[in-house]
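For reference, the structure discussed in these notes is given below.
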Amino acid sequence: MSALALIDGNSFYCSCERVFDAKLERRPVIVLSNNDGCAVARTAEAKALGIKMGQPMFQIRDLCRDSKVAVFSSNYALYGDMSRRMNAIYDTFSPDVEIYSIDESFIDVSRLPVKDRTAWASDLRSTTRQWTGIPTCVGIGPTKTLAKLANKAAKKLPGGVLDLSDPAEQTHVMADFPVGDVWGIGRASQLKLAALNIRFAGQLRDMDPKLARQIMTVVGERIIHELNGRPCIALETVAPQRKGCAVTRSFGSRVTTKVEMEQAVADYATRLGEKLRRHGLATDHVTVFMHTSQFNDDEPQRNVSMTVDIPEATNDTLTLIKAARRAVDALWKSGYRYSKAGIITQDLMPPPIPQRALFDNLDHDRASKVMAAMDEANRRWGRATVVPAAVGIAARSAFTTKFEMRSPRFTTRWDELPECR
DNA sequence: TCTGGGGTCCTAGGACCC
DNA sequence: TCTGGGGTCCTAGGACCC
């Protein structure tokens, strides 16, 4: 009988900020999206104030000031490092761990010599809390979907742990568990289910799998089986090869000139190259898109994209910039206030092995040496220490993303270490 | 004035082939 | 007016996730 635990950090980004400032412990805390646009993480206190997931900052600015909400820009260097520390702890509890997201991991408990799974989970929780400072919840079930459901239900329990191994207990919890909170049921499916008067997880579990397939594709059918304790979604302890890679950003302020757009896209292409090289991958095409803001629908709208092929798969930044620039050239049209652009690639592959023929030119070699030197300089002295000229002086450009309330990178930069006084 | 970013998976429909 | 059947492959778009 399979048994999986799902552990996740409570209000994870907010909890990371609290670890480094004890004074935040009793205050509502929120963390903002890129560009300081909207709230993407809220503590229980912030939720109680009525701050919604994804709510734009300009709508809650007054509330945050009046209620003394601690507001942070997102600090992914910090969250990523805290995540690594947590997973290092999970590895000591089980050999089979799947890192599902930055703050969630599935852990196989079926093969562990554990009698009391609730006690085991409580130990996992308290160890994680003690060693990293991050509060968590743990849900256990025979399938991933039931483990997720147990985890969600555990959030309301004082112990922060719920074991749903027992079918009677599953039935009890699912009876009033909102169907929209089931893993994999989004807004569209929720609407279709409501039309069938299916509102709770228990009703969804008892639905005819064939009907589920009709209205929600095979994804929906799998959910029914998983809720019935029949596993359809396997634990993946080794991360599969990634398939695509993208760098997309909203601008700090609207872009109206071609020069700014070229610099922004060159900057994104530079990041894309860094990412590809970090993963040891390459691509033979890039798609560039740019669009105006859908929220200003009284303004002229434009939403365009173009794919440019690259003759040979590469992760060389200068080649990527050249391809991206061709797309910008073709796509650019003035008279619009662009709010966002990005560069996307799919079908990633390993970089081609350089040909070492007698009369081969050495461009290939030289390019990869330049990239390696650039990556090393940026690793040692901070991102964007060395950038291609096409990017311009990004720090002074209008498109630069806003991070006005970012906390220090406490755990990953020596010069930003916290001090004890 | 100000509204995130980066992924995966699935399906329908068109292009193309024999 | 008649004008097959059945494969495969690719892409765009929808849905969902954190």
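- At dC18(C), one or more side-chain N or O atoms of K148(A) fall inside 4.0 Å of OP1 or OP2 (strictly under the cut-off).
- Per the geometry, CG belonging to D8(A) stands 11 Å off C1' belonging to dC18(C), to the nearest Å.
- When the side-chain nitrogen and oxygen atoms of K340(A) are compared with OP1 and OP2 of dT3(B), none of them lie within a distance under 4.0 Å.
- Listed nucleotides dT11(B), dG5(B), dG7(B) differ in distance to T217(A); the shortest reach to its side chain belongs to dT11(B).
- For the OP1/OP2 pair of dG6(B) and a distance below 4.0 Å, the side-chain nitrogens and oxygens of R271(A) include no atom meeting the criterion.
- At least one side-chain heavy atom of W120(A) sits under 4.5 Å from a side-chain heavy atom of I107(A).
- A donor and an acceptor atom, one from each side chain of S339(A) and S293(A), are nowhere located under 3.5 Å apart.
- Closest to the side chain of K275(A), from the set dG7(B), dT11(B), dG4(B), is dG7(B).
- Contact annotation: R337(A) does not reach the phosphate of dT1(B) (side-chain N/O to OP1 or OP2, under 4.0 Å).
- Residue F58(A) contributes atom CZ, which lies 6 Å from atom C1' of dC2(B) at whole-angstrom precision.
- The side chain of T248(A) sits closest to dG5(B) out of dG5(B), dA15(C), dC2(B).
- Counting only Watson-Crick and G-U wobble pairs whose two key distances fall under 3.5 Å, DNA chain C forms stems of three or more stacked pairs at B:5-18 with C:5-18.
- Atom CD in E221(A) sits roughly 10 Å away from atom P in dT11(B) (whole-Å rounding).
- A close approach under 4.0 Å does occur between a side-chain nitrogen or oxygen of R242(A) and OP1 or OP2 of dG7(B).
- For R222(A), taking side-chain heavy atoms from C-beta onward, the closest of the listed nucleotides dG4(B), dC10(B), dC17(C) is dC10(B).
- I185(A) comes within 4.0 angstrom of sugar-phosphate atoms only, judged by non-hydrogen atoms across all strands, and of no base.
- The separation between I60(A) atom CD1 and dT1(B) atom P is 19 Å, rounded to whole Å.
- Partner of Y338(A) under the side chain to side chain donor-acceptor pair (under 3.5 Å) criterion, chosen from R302(A), E260(A), H291(A): R302(A).
- Ion pairing between a basic and an acidic side chain is recognised when a charged N comes within 4.0 Å of a carboxylate O; D81(A) and R84(A) show such pairing.
- Remark: the D96(A) side chain and the S94(A) side chain contain no N/O donor-acceptor pair separated by less than 3.5 Å.
- For K192(A), no side-chain nitrogen or oxygen approaches OP1 or OP2 of dA15(C) to under 4.0 Å.
- Phosphate proximity of dC2(B) to N296(A): present, with a side-chain N or O under 4.0 Å from OP1 or OP2.
- Between L149(A) atom CG and dC17(C) atom P there is a gap of 13 Å when expressed in whole angstrom units.
- Each of dT8(B), dG7(B), dG5(B) was ranked by its minimum atom distance to the side chain of S250(A); first place goes to dG5(B).
- N296(A) contributes atom CG, which lies 5.0 Å from atom CZ of R254(A) (distance to the nearest 0.5 angstrom).
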Begin with the C-alpha distance, continue with both residues' side-chain angles, and end with the deciding distance and a verdict on ring pair (Phe, Tyr, Trp, His ring centres under 6.0 Å) for F20(A) and F410(A). CA-CA 8 Å; F20(A) 293 93; F410(A) 295 111; 4.2 Å; yes
